[in-house]
Amino acid sequence: MRASDPDASERRARRVLACARKGARSPPPRPMPKAKRALMIGISGCSRSGKTTLAKALAEELGEQRTTVICQDSFASARLAARQESGWESSDSIEHTQFRQAVVDAMCSSSSHKFVVVEGFRAFHDAELVALLDRLLWFELSRATCRARRMATTRVSESMFAKHLWPRHVEYAERCFRENGPLASRAVTVLDGEVDAATVLQAAVAAIKGDRATAAVLSDHPGCVVSSGSPSPTATSTAASAAASIGTPPMRTERTLVQPAVDKLHRVLAELEPGARVGVLTLLGSLCPITLGHVQLFVEARAMLLGQSAQCAPAKLERFDSVVGFCSLNCAAHVDRKLRAKGEASLSLGDRRRLLEMAVEEYGWIAWEAREGETVDALTKSYPHLSFVPFTMNGADDVLRYRKWSWAGPAMRMITMGRPGDTQAVIDGARRAGVDLDAGHFLIGPELPDISSSAARWAIAHGDTAAAARHLHPRVLAWCRENNVWQAAPTQHGVPQTAGQ
């Protein structure tokens, strides 16, 4: 093929589509002048995960004159949506053939563009379209955050979210990443939709520019993981954790992610009378390692909901018959990045989970879950005679930093644990925003001492066993000492330099 051939891009697109229709892998791109071959970038993930924001940011970063953005929303069909039980949340509400043709047209007319960005909540539904894409970016977002963001923007009913929006996303994710699915044999960059947009953009740009070297580049970016293979281990975990949130068997895992938590809480829930109201506390954090203070958050929040706390409960807060709690962990990339910046070693996700389970073993009502809020649906299915009411827990400093009081409402209830110096600022900010503190949607808990893991790591690094014991469960402390994590080392500028696994 001559480099000057004006039909080069079109023939490339036709070759890719032909291979996709035959079930073959995409042929590698033939050498072409950069002006004749746009880099095709795909972005997908659940509602409100940050897809459109990233697409617009990429256009600015890569050059708006050199970038075409194709939004799948432009191909949503009211006619098709009306035929689906899940309406607009169905994969079949999209004119996929027209969407694909628009991508092919952009690819074939790329003489004026170097980048084509394709984004949508079902952008990877069509295997033929996926075969055209050179870079694949997938957003992960917790069920709780997805719901909070959706309710704060384009609201849907709680029933629509629980029965259609989230379950349809789970089905889509599972289909994409399953064996022989559109993404099974492709390298996928998984972006953490929970982190700020600037961090996501930085990680996405690194992935777009990096090819195989991207993996090394991305190690410096939190919330970003490169996965590849058939099927991808990271991708499999992505689909499995999502599927667990509605009890769907994810790729033959048979609900293994949620079942241990449901089993642990059985003794607490089985004794309740039909119609009993159960508060569900969730906490997401790095927990490297989990401290006694983290556990105390659950204890204090439970006492508030049960009317056993000295803290005055909101006037309109309903009565709760029981309370259960779930603790989930931030991804390894985020924790590694955060501790590396401090010159400290981090624990693996598996080790943090092991320590978490040690710390809460004696609490029959607290369990680990893979993704924040994902076990609520499993509980509802296992105990349909009970009423479950979720509450996300945050520290006052975090709520103040991100103004999270604006997220609170009937569909997103929150408990903010006080912290000296931040509690009153949170109360004032919520009131200025018009939040009704008596409604029972945004609760303020008692002020607790610093629950950060930093002090525990510092005590271990300095050999101060007494101080470490004030922060850590005895079994957690023993494990840390036995495994020589955060051993003391020479200090630099007063900051202990640590070693870990």
Side-chain angles (χ1 to χ4, degrees), residues 45-54 88-89 121 139-170 173 191-197 199-200 223 238 241-242 244-246 279-285 297 301 305 314 317 325-331 334 369-380 388-417 426 429-430 432-437 439-445:
C46 71
S47 175
R48 299 303 184 270
S49 56
K51 304 178 296 298
T52 303
T53 299
L54 175 60
W88 297 105
E89 306 307 327
F121 80 128
F139 271 101
E140 278 219 57
L141 195 70
S142 71
R143 183 185 189 277
T145 302
C146 175
R147 182 176 63 177
R149 292 180 182 176
R150 185 60 186 256
M151 297 305 182
T153 52
T154 307
R155 293 184 63 88
V156 296
S157 68
E158 187 62 29
S159 175
M160 171 59 76
F161 183 91
K163 295 181 180 179
H164 298 286
L165 191 154
W166 189 254
R168 296 298 83 76
H169 164 66
V170 168
L191 301 169
D192 186 352
E194 309 277 350
V195 302
D196 63 276
T199 299
V200 170
T238 299
S241 62
S245 68
I246 61 168
V280 181
L281 307 172
T282 64
L283 175 70
L284 170 67
L297 286 178
L305 295 186
L317 181 67
F326 296 100
C327 199
S328 52
L329 301 167
N330 285 325
C331 68
H334 174 70
E369 65 178 351
R371 301 284 293 183
E372 186 179 23
E374 73 180 3
T375 315
V376 175
D377 287 320
L379 290 178
T380 301
F388 294 95
V389 182
F391 290 84
T392 62
M393 294 198 300
N394 294 271
D397 55 334
D398 187 62
V399 172
L400 184 62
R401 183 181 302 117
Y402 298 107
R403 301 176 183 270
K404 288 187 176 181
W405 51 73
S406 63
W407 300 8
M412 180 64 176
R413 305 180 69 168
M414 302 176 63
I415 297 179
T416 299
M417 282 300 166
V426 169
R432 284 195 298 270
V435 176
D436 183 357
L437 297 181
H441 303 149
F442 186 73
L443 283 65
I444 306 293

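Remember, it's a predicted structure, so these values are computed and weren't measured experimentally. Computed over heavy atoms, backbone and side chain alike; hydrogens, waters and symmetry mates excluded.
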| message | Quick one, Leu284 and Met393 - any side-chain contact, counting heavy atoms below 4.5 Å? | response | no
| message | Could you walk me through whether Phe121 and Glu89 satisfy the side chain to side chain contact (heavy atoms under 4.5 Å, CB included) test, starting with their C-alpha distance in whole Å, then the side-chain angles of each, then the deciding distance to 0.1 Å, before giving a yes or no? | response | CA-CA 9 Å; Phe121 80 128; Glu89 306 307 327; 4.3 Å; yes
| query | Would a distance-only check, ignoring hydrogens and angles, find a side-chain to backbone donor-acceptor pair under 3.5 Å from Thr375 to Ala378? | reply | no
| Which heavy atom of Cys146 sits nearest a heavy atom of Phe161, and at what distance? | SG-CE1, 3.8 Å
| remark: Value for NZ (Lys163) from CG (Leu165), rounded to nearest 0.5 Å, stands at 14.0 Å
| If you round to the nearest 0.5 Å, how far is CZ of Arg143 from NE2 of His169? | 11.5 Å
| field | Shortest non-hydrogen separation from Ala301 to Leu281 and the atoms involved | value | CB-CD1, 3.7 Å
| query | To the nearest 0.5 Å, what is the distance between SG (Cys46) and CZ (Arg147)? | reply | 13.0 Å
| Could you go step by step and tell me if Glu194 and Asn330 meet the side chain to side chain contact (heavy atoms under 4.5 Å, CB included) rule? | CA-CA 10 Å; Glu194 309 277 350; Asn330 285 325; over 6 Å; no
| request: Going by the side chain to side chain contact (heavy atoms under 4.5 Å, CB included) test, name the single residue among Ile444, Leu283, Leu297 that passes it with Met417. | output: Leu297
| task | Of all the heavy-atom pairs spanning Leu141 and Ser47, show the shortest one and how long it is. | result | CD2-O, 4.1 Å
| Residue pair Leu305 / Val389, side-chain heavy-atom distance below 4.5 Å | no
| query | Checking side chain to side chain contact (heavy atoms under 4.5 Å, CB included) for the pair Leu400/Trp405: CA distance, chi angles, key distance, verdict? | reply | CA-CA 8 Å; Leu400 184 62; Trp405 51 73; 4.1 Å; yes
| field | Heavy-atom closest contact (Pro410 atom, His441 atom, distance) | value | CG-CE1, 3.7 Å
| task | Mind checking the CZ-CG spacing from Arg413 to Leu443? Nearest 0.5 Å is all I need. | result | 7.5 Å
| note | Nearest heavy-atom contact between Val399 and Val426 is CG1-CG1, 4.1 Å
| Nearest non-hydrogen partners of Leu437 and Ala430, listed with the distance | CD2-CB, 4.1 Å
| field | Side-chain donor/acceptor of Glu369 to backbone N/O of Gly373, under 3.5 Å | value | yes
| query | Would a distance-only check, ignoring hydrogens and angles, find a side-chain to backbone donor-acceptor pair under 3.5 Å from Lys404 to Ala396? | reply | no
| said: How long is the straight-line distance from OG of Ser49 back to CD of Glu140, given to the nearest 0.5 Å? | reply: 10.5 Å
| CE on Met412 to CZ on Arg150, rounded to 0.5 Å | 15.5 Å
| task | Take Trp407 and Asn394 through the test side chain to side chain contact (heavy atoms under 4.5 Å, CB included) and record every step on the way to the result. | result | CA-CA 12 Å; Trp407 300 8; Asn394 294 271; over 6 Å; no
| request: Spell out, as yes or no, whether a donor-acceptor pair under 3.5 Å connects the side chain of Thr145 to the backbone of Ser142. | output: no
| query | For atom CZ of Arg403, is the number of surrounding heavy atoms from other residues, nucleotides or ligands below 6.0 Å larger than 12? | reply | no
| Thr392/Glu372 under side chain to side chain donor-acceptor pair (under 3.5 Å): CA gap, chis, key distance, verdict | CA-CA 9 Å; Thr392 62; Glu372 186 179 23; 5.2 Å; no
